[in-house]
2 protein chains.
Amino acid sequence: MKKADRAAVLDVPALSTEGDDAMARRLAALAHPARLRILRRLACADACCCKDVVATTGLAQSTVSQHLKVLVEAGFVAYEPDAQRSRYSLDRRALAMVRQDVDLLLAGCSAGSTCS
Amino acid sequence: MKKADRAAVLDVPALSTEGDDAMARRLAALAHPARLRILRRLACADACCCKDVVATTGLAQSTVSQHLKVLVEAGFVAYEPDAQRSRYSLDRRALAMVRQDVDLLLAGCSAGSTCS
DNA sequence: TTTCTTCATCGTTCATCGGCGATAAACGAT
DNA sequence: ATCGTTTATCGCCGATGAACGATGAAGAAA
């Protein structure tokens with residue numbers, strides 16, 4: 001099969017669902033043990049600064065800052081600069097939405113689902 | 001902070017949860033739009049061969065084979081060779097377990113959760 | 001046997017991730 | 001003004017991921 005033909009097939013809406021990219025991005029943001037730990041750490045307080053998270057993860061500060069950035073960009077964590085500190089706080093609403101993501105996936109994979 | 005000190009911190013059970021690695025691996029297996037498409041494609045029939053999936057994804061056969069391998073290794077898809085074909089089938093039970101993963105994560109991030 | 005189909009695997013290329021140290025900026029404290 | 005703290009970002013590196021084409025094996029079909 002040539003690439004052009006594959007592209008043609010790709011354009012068929014079929015199961016595209018279109019939201020797959022967004023869901024995949026959200027899942028990827030969660031698909032790292034350090035980030036899961038960080039999320040739970042953030043759940044302990046209204047807000048944490050980067051240093052607090054560093055202390056609980058055992059990772060370098062720069063590494064933690066990167067993970068936090070990933071979580072912020074995925075929407076799971078809110079960021080607000082506070083003097084020389086940074087206030088990171090968990091967005092439980094956004095986090096709860098991944099449950100809907102999974103539910104939607106499960107629905108799309110339910111026994112009665114069709115490919116149309 | 002020196003690396004040895006960070007390692008010491010890391011050994012503190014704290015929020016380790018230990019299952020984070022496994023959950024992260026499962027989520028990583030789902031964190032790709034092509035694999036989400038493939039899962040839904042597999043949901044349409046009792047079993048699909050690789051070729052069928054290729055037709056719906058627009059990707060090269062070798063690429064699809066790789067994605068299927070990832071899904072099989074993550075446990076979401078069952079594999080059984082069938083003559084020159086391969087029978088891939090969705091494991092809905094395994095897929096449903098990610099819902100529990102998410103629920104557990106949400107519980108660990110609930111408002112009342114403590115860092116101990 | 002020979003041919004065709006289907007598939008997994010290999011090797012390659014390119015991009016991204018994950019981790020680190022170093023550095024500079026911002027700010028409070030002295 | 002200077003020092004210490006906290007943070008984000010940069011550059012670097014090794015490892016992994018994603019995609020492809022090519023190849024060979026296994027089996028159906030001719």
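Residue numbers start from 1 in every chain, and the chains themselves are labelled A, B, ... in the order their sequence lines are given, proteins ahead of strands. Just so we're clear, the structure is a prediction, and the values are computed from it rather than from any experiment.
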Kindly point out which of C:dG19, D:dC20, D:dA19 is positioned nearest to the side chain of A:His32?
C:dG19
For B:Arg87, which contact category applies under a 4.0 Å heavy-atom criterion: base, sugar-phosphate, or nothing?
nothing
Please state how far atom CD1 in A:Ile38 lies from atom P in C:dG18, giving the value in whole angstrom units.
11 Å
Under the side-chain contact (heavy atoms from CB on, under 4.5 Å) test, which residues partner A:Ala31, sequence neighbours left out?
B:Leu27, B:Ala28
Checking contacts here: which listed nucleotide (C:dG21, D:dG27, D:dA19) is nearest the side-chain heavy atoms of B:Ala83?
D:dG27
Any side chain to side chain donor-acceptor pair (under 3.5 Å) involving residues 62-78 of chain A? Give me the pairs, sequence neighbours left out, ordered by first then second residue.
A:Arg35-A:His67
Tightest non-hydrogen contact, residues A:Ala29 and A:Leu71, listed as O-CD2, 3.9 Å
Just the rounded figure in Å: distance from P of D:dA18 to CG of B:Leu30.
12 Å
Here the side chain to side chain donor-acceptor pair (under 3.5 Å) pairs for residues 75-100 of chain B, sequence neighbours left out, are A:Asp103-B:Arg99
Pair A:Leu105-B:Val98, side chain to side chain contact (heavy atoms under 4.5 Å, CB included): steps then yes or no
CA-CA 10 Å; A:Leu105 174 65; B:Val98 305; 5.6 Å; no
Rounded distance in Å - CD (A:Glu73) to P (C:dG18)
12 Å
Taking A:Cys109's backbone N and O only, do any of them form a donor-acceptor pair with A:Ser113's side chain (distance below 3.5 Å, no angle check)?
no
Ignoring backbone atoms, establish whether A:His67 has a side-chain N or O less than 4.0 Å from OP1 or OP2 of C:dG19.
yes
Are B:Arg26 and B:Asp101 close enough, and set up right, to give a salt bridge (Lys or Arg N to Asp or Glu O under 4.0 Å), and what steps lead you there?
CA-CA 9 Å; B:Arg26 283 190 288 270; B:Asp101 280 337; 2.7 Å; yes
Audit row: B:Leu30, B:Leu39, side chain to side chain contact (heavy atoms under 4.5 Å, CB included) steps and yes/no
CA-CA 9 Å; B:Leu30 298 181; B:Leu39 286 178; 3.5 Å; yes
Nucleotide by nucleotide, 5' to 3', does protein get under 4.0 Å of the base (B), only the sugar-phosphate (S), or neither (-) in nucleotides 3-11 of chain C, counting heavy atoms?
---SBBB--
Spacing between A:Leu71 atom CG and D:dA8 atom P, to the nearest angstrom
13 Å
With sequence neighbours excluded, residues passing side-chain contact (heavy atoms from CB on, under 4.5 Å) with B:Asp21:
A:Pro33, B:Arg25
To the nearest 10 degrees, how far apart in direction are the end axes of the helix from C:dT1-D:dA30 to C:dT30-D:dA1, each fit to five base pairs?
10°
